[in-house]
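Computed from a predicted structure; not experimentally measured. Numbers here simply count residues along the sequence, with the first being 1. Counting starts at 1 for both ligands and their atoms, in listed order.
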Amino acid sequence: MAVQVAGAPDTDVVVVGAGPVGLLLAGILRLGGARVTVLEQLAEPTDESRASVLHARTMEILDGLGLLERLGPPPSAGPGHFGGIPLDLTAALPSRFPGQWKAPQTLVEKVLYEWAAGLGAEVRRGHTVTGLTVAEDRVHAEVTGPAGERLRFAAGYLAGCDGERSTVRRLGGFEFPGSGPVKELLRADISGIEIPDRRFQRHPNGVANSRRGPDGVTRLMVHQYGRTPGPDGRAPDFAEVCRVWARVTGEDIAGARPVWVNAFHNARGQAASYRLGRVFLAGDAAHVQLPVGGQALNLGLQDAAALGGRLAARITGRGDDRTLDKYHAERHPVGARVLGNIEAQAQLLFGGPEVDALRAVFGELLALEPARRHLASMISGVDGPRPAVPDTGTAEHSTATGPFTRTHRRTTMGKLTGKTALVTGSSRGIGRATAIRLAREGALVAVHCSRDTEGADDTVAAVEKEGGRAFAVAAELGVSGDVHALFLELEHGLKERTGETTLDIVVNNAGVMGGVAPEDVTPEQFDRLFAVNAKAPFFIVQRALRLLPDGGRIINISSGLTRFANPQEVAYAMTKGAIDQLTLHYAKHLGPRNITVNSVGPGITDNGTPIFDNPEAVAEMARYSVFERVGETKDIADVVAFLASDDARWITGSYLDASGGTLLR
Ligand code: NAP
């Protein structure tokens, strides 16, 4: 493939840069069915490990692609920090990989190279891009080859993953607003000498960090307050590092052997657009920042994941041009947010005595769990949208049936991966927690409500924030035509996202309570309770049987009130008794199809209604459980998730008490 003037482009995508970002992009493009050529100016992979940790969101992506095993899998890299103030990144993160994970950049690059090349990406080293021309239907890249020969590559699209001094960014005419360096950090890997480990230790003259690795190599970083940064991209000599280290720490490291030395600074910039027509930027090419805490590499890998799926969808006809625009729309705000937090960290980290008070206040804030969780989510990338890889379930390539769909079903982790679920009444309370829990296990969840569409949208947003998939359906139950209306919307939503209407899991959760003394229950109230709580679930099951495959799951939310008495709820309890009968008889009926049917009986469960804000009332209610607390919605959601999973294949026709031992009191 070289000079080409007319006819089809040589390849679908030219990726410029064979670092981790470019290689991840190349592999994802191949998975999605696109042809890829990667051009890298270096003749050999670098042995510099600039970054060494992976964060939760990146781990999820690599796991989804089946790459974690190849990386070791990466061991925990211990606690993290925010601007040098210790921060436990495991802080209750909504991720399967809370924390930070050790993976030197050289290893990440090697694994990604082998993976992408194994998938058929053509990786050409020693190829330097010198010019770009964008035509209506293609991009031409002028390239100088390894022997100085001039080559020309034609591709449908071109992605610049060529780092902070990106040639593609310059040649492509991308605007790159930002600010220049003010602070500089010298970094060196040294051997042959032992110095104490320290974590961003503050000294009168500056900040020093050192950590000895298992291979005996110590990575040190040092910043001297007030020192003017050197020119961009310079490589300081080791003598300079020794001088600055001695000035800050008082230690002499001149006898050490330098393995690698570099300098970096806090210049920042972000491309105004990540896409200009057929040319894209990802990773450091799109944003330049202080590489603190490994965020630069992680942000770049997440960019690659977000771009790869969309570009492949476009190329293989599963997405349109708007699909490509969504890359910028999604990733630019994420990048801006990361640049913001890095700027804040740089100020905390490299400020002199003038930031001591700020650091003290910050330290106090970080003792609070919500503050820790907030910052940990921010650093780990889990507070933003999860790049749609290898998920093809988003609307933009909703009817996908190509290799990507299969990849998604195979590689997204979770006990319910590839399953679909309906949770009635999931705009709040137990239903919402259940929808979120099932989605966390990988299910695509239909979030049903009656009128509270805002609540349903909030549930969907909560699912999506965790990287799951859900959509809202509204239909009032207990009225004529209710089940028909529900399934019209449900089938439409499923079809749009999966190309079919298979429904694997039905959770009959929607319900209304009575709260009326036995003497006062009117026939209308009684009918309403039965219509919503018993009749609707019956006909939902009847209707769902057309969509449920063998091995499907039906879970009916009953109530502990079928087992213990509360006269105020007699009519309500009767409806729940009816639900248990639905469970029992349908379990027998559907056994031959391996469909399980079970009831879950919650006790008093905090569903967010105002009574649960009253401490005395809560204390009174807590007395019913042997655990002396009221139930939380997730207590029930976890039970439902278990029943929905394959682990519960041998349980059917049963009533699972989920009342915190209320019956034992
Ligand atoms: P909740 O907070 O009151 O939420 C009820 C849900 O059901 C809402 O999403 C609501 O949708 C929906 N819903 C109510 N009436 C509906 C109708 N006519 N048509 C369609 N949807 C309707 O309920 P919860 O406390 O989480 O309870 C969930 C289930 O657990 C119920 O079956 C309940 O009986 C059972 N349960 C609860 C407790 C408890 O202590 N919380 C104890 C035992 C059993 P809208 O928001 O759109 O109205």
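Side-chain atoms of Thr323 and Arg314 include no donor-acceptor pair closer than 3.5 Å.
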Let me have the donor-acceptor pairs involving side chains of residues 503-515, under 3.5 Å, with sequence neighbours excluded, atom names and distances please.
| unit_1 | atom_1 | unit_2 | atom_2 | d |
| --- | --- | --- | --- | --- |
| Asp504 | OD2 | Thr420 | N | 2.8 |
| Asp504 | OD2 | Thr420 | OG1 | 3.2 |
| Asn508 | ND2 | Asn556 | OD1 | 3.0 |
| Asn509 | ND2 | Thr424 | O | 3.0 |
| Asn509 | ND2 | Gly425 | O | 2.9 |

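Within 6.0 Å of the CD atom in Gln542, the count of heavy atoms belonging to other residues, nucleotides or ligands exceeds 12. By the 6.0 Å contact criterion, CZ on Phe471 is enclosed, its count of non-hydrogen atoms from other residues, nucleotides or ligands being greater than 12.
For residues 612-623, the side-chain hydrogen bond (donor to acceptor under 3.5 Å, both in side chains) pairs, not counting sequence neighbours, are Glu620-Arg623.
Within 4.0 Å of ligand 1, protein heavy atoms come from Gly425, Ser426, Ser427, Arg428, Gly429, Ile430, His448, Cys449, Ser450, Arg451, Asp452, Ala475, Glu476, Leu477, Asn509, Ala510, Gly511, Val512, Arg528, Val532, Ile557, Ser558, Ser559, Tyr572, Lys576, Pro602, Gly603, Ile604, Thr605, Asn607.
Evaluation of the side chain to side chain contact (heavy atoms under 4.5 Å, CB included) rule for Arg322 yields Asp320 as partners, not counting sequence neighbours.
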